[in-house]
Amino acid sequence: MKILKRTFYERDTAVVAQELVGKIIVRVIDKNTILQAMIVETEAYLGLHDPASHAYGGKRMRNAPLYGPVGHAYVYFTYGMYYCLNFVCRAPGIPAGGTLIRAVEPIAGIEYMEKKRHKHSIHGLTNGPGKLTQALSINRDLNGIDVTKKGSIYVIDALEIAKKDIVITTRVGISKAIDEKLRFYIKNNTFVSKK
DNA sequence: CACCCGATTATCT
DNA sequence: GATAATCGGGTGT
């Protein structure tokens, strides 16, 4: 399994968001605890001209990573209690952009994830952006980290998901640009978030 | 299953 | 002062 290179992230944000579906997030907690999960749902946030993007309206303290180098994590805190994970990606010349990871399917370290989520089963473990960060122990400490190098979090290549098995639809939980079809998920996958 | 609402705080207006 | 790229628990059907 190969780590996704920086060039993977250096393309149109919507294309990267779609192609991230099926890839695997590796989260290294410590030597004995290495979590793996396949990305099953993403959303593209296009940046400066996308009203729903945190990057909309220009660079500020919170959204700075979206303006930084591609292939890095952007982790933000929301609703007073949840973290959400993004990967910075955009075509050359575009000022900002990123992909929100909305849902993953656990592969390894499931017991650790259940413990973190205070659950006894895989049901509802990682089918939401706030849930998966809790399961994978993702917080502000990972904001800005390079995910193209082996470290505490990185992304590896995996199976190619056929285009016919990916659903493209509108984004969730936003109040602006609600008609843009920038959400991507694997058809018939039980770990995709509801709605 | 549908809808409603409270939790809790960083960030922006 | 309001809102937010959310979630889980509650009530009613």
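As the structure is a computational prediction, the values presented were derived from the model and not from experiment. We name chains A, B, ... by the order of the sequence lines, and we start the count at 1 in each one.
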Contact residues, residues 138-148 of chain A to DNA chain B [heavy atom, < 4.0 Å]
A/Arg140
To the nearest angstrom, the CZ-P distance between A/Phe184 and C/dA5 comes to 18 Å
On the six-membered ring of A/Phe8, is A/Arg11 placed so that its NZ or CZ lies under 6.0 angstrom from the centre and within 45° of the ring axis?
yes
Smallest separation among heavy atoms of A/Val155 and A/Leu20, with atom names
CG1-CD2, 4.4 Å
Quick check: do A/Ile39 and A/Ile24 have side-chain heavy atoms less than 4.5 Å from each other?
no
DNA chain B-proximal residues of residues 52-76 of chain A, any heavy atom under 4.0 Å
A/Arg60, A/Arg62
Do A/Val75 and A/Ile138 have side chains that approach each other closer than 4.5 Å (heavy atoms only, starting at C-beta)?
yes
Side chain to side chain contact (heavy atoms under 4.5 Å, CB included) with A/Tyr185: of A/Val167, A/Val21, A/Asp165, only one passes, and it is A/Val167
Output, in order, the C-alpha distance, side-chain angles, deciding distance and verdict of salt bridge (Lys or Arg N to Asp or Glu O under 4.0 Å) for A/Arg6 and A/Asp146.
CA-CA 9 Å; A/Arg6 198 166 319 281; A/Asp146 188 347; 2.8 Å; yes
Note on DNA chain B: ranges paired as stems (three or more Watson-Crick/G-U pairs in a row, both atom distances under 3.5 Å) are B:1-7 with C:6-12, B:9-12 with C:1-4
Nearest heavy-atom neighbours spanning A/Glu41 and A/Ser193:
OE1-N, 2.7 Å
Measure OH/A/Tyr79 against C1'/C/dA2 and give the value in whole Å, please.
12 Å
For A/Leu85 against A/Thr133, the heavy-atom pair lying closest together
N-CG2, 3.8 Å
If we count only N and O atoms by modelled type, under 3.5 Å, do the side chains of A/Lys131 and A/Asn127 hold a donor and an acceptor together?
yes
Could you go step by step and tell me if A/Arg140 and A/Phe77 meet the side-chain contact (heavy atoms from CB on, under 4.5 Å) rule?
CA-CA 8 Å; A/Arg140 274 263 158 93; A/Phe77 185 64; 3.7 Å; yes
Provide the closest heavy-atom pair for A/Thr42 versus A/Ala17 in the form atom of the first, atom of the second, distance.
OG1-O, 2.8 Å
Is the distance from OP1 or OP2 of C/dT6 to the nearest side-chain N or O of A/Arg102 less than 4.0 Å?
yes
A/Tyr76/A/His54 aromatic ring centres below 6.0 Å
yes
Whole angstrom value for the distance that separates C1' of C/dC7 from CZ of A/Phe77:
13 Å
Please report the distance separating the P of C/dA2 from the corresponding atom of B/dG6, rounded so that it comes out in whole Å.
15 Å
A/Leu100 has an atom CG; how far is it from atom P of C/dA5, in whole Å?
10 Å
Contact check, side chains of A/Thr78 and A/Cys84, non-hydrogen atoms, under 4.5 Å
yes
At their closest point, which heavy atom of A/Ile161 faces which heavy atom of A/Gly22, and how far apart are they?
CG1-CA, 3.7 Å
Show the numbers, then the answer: is there a side-chain contact (heavy atoms from CB on, under 4.5 Å) between A/Leu125 and A/Glu114?
CA-CA 7 Å; A/Leu125 202 57; A/Glu114 287 175 346; 3.9 Å; yes
Identify the 5'-most and 3'-most nucleotides of DNA chain B with at least one atom closer than 4.0 Å to a non-hydrogen atom of chain A.
B/dA7 to B/dC12
The test is side-chain contact (heavy atoms from CB on, under 4.5 Å); show your working for A/Met113 and A/Leu35 and say whether it passes.
CA-CA 8 Å; A/Met113 297 184 205; A/Leu35 316 175; 4.1 Å; yes
For DNA chain C, determine which residues of residues 112-131 of chain A have any heavy atom closer than 4.0 angstrom to one of its atoms, and list them numerically.
A/Arg117, A/Gly128, A/Pro129, A/Gly130, A/Lys131
Would you say the side chains of A/Tyr45 and A/Glu43 form a donor-acceptor pair under 3.5 Å?
yes
May I ask you to list the residues of residues 169-176 of chain A, by number, that have any heavy atom positioned under 4.0 Å from an atom of DNA chain C?
A/Gly173, A/Ile174, A/Ser175
Spacing between A/Tyr185 atom OH and C/dA5 atom C1', to the nearest angstrom
17 Å
How close do A/Ile94 and A/Arg90 get, counting heavy atoms only, and between which atoms?
O-CD, 2.7 Å
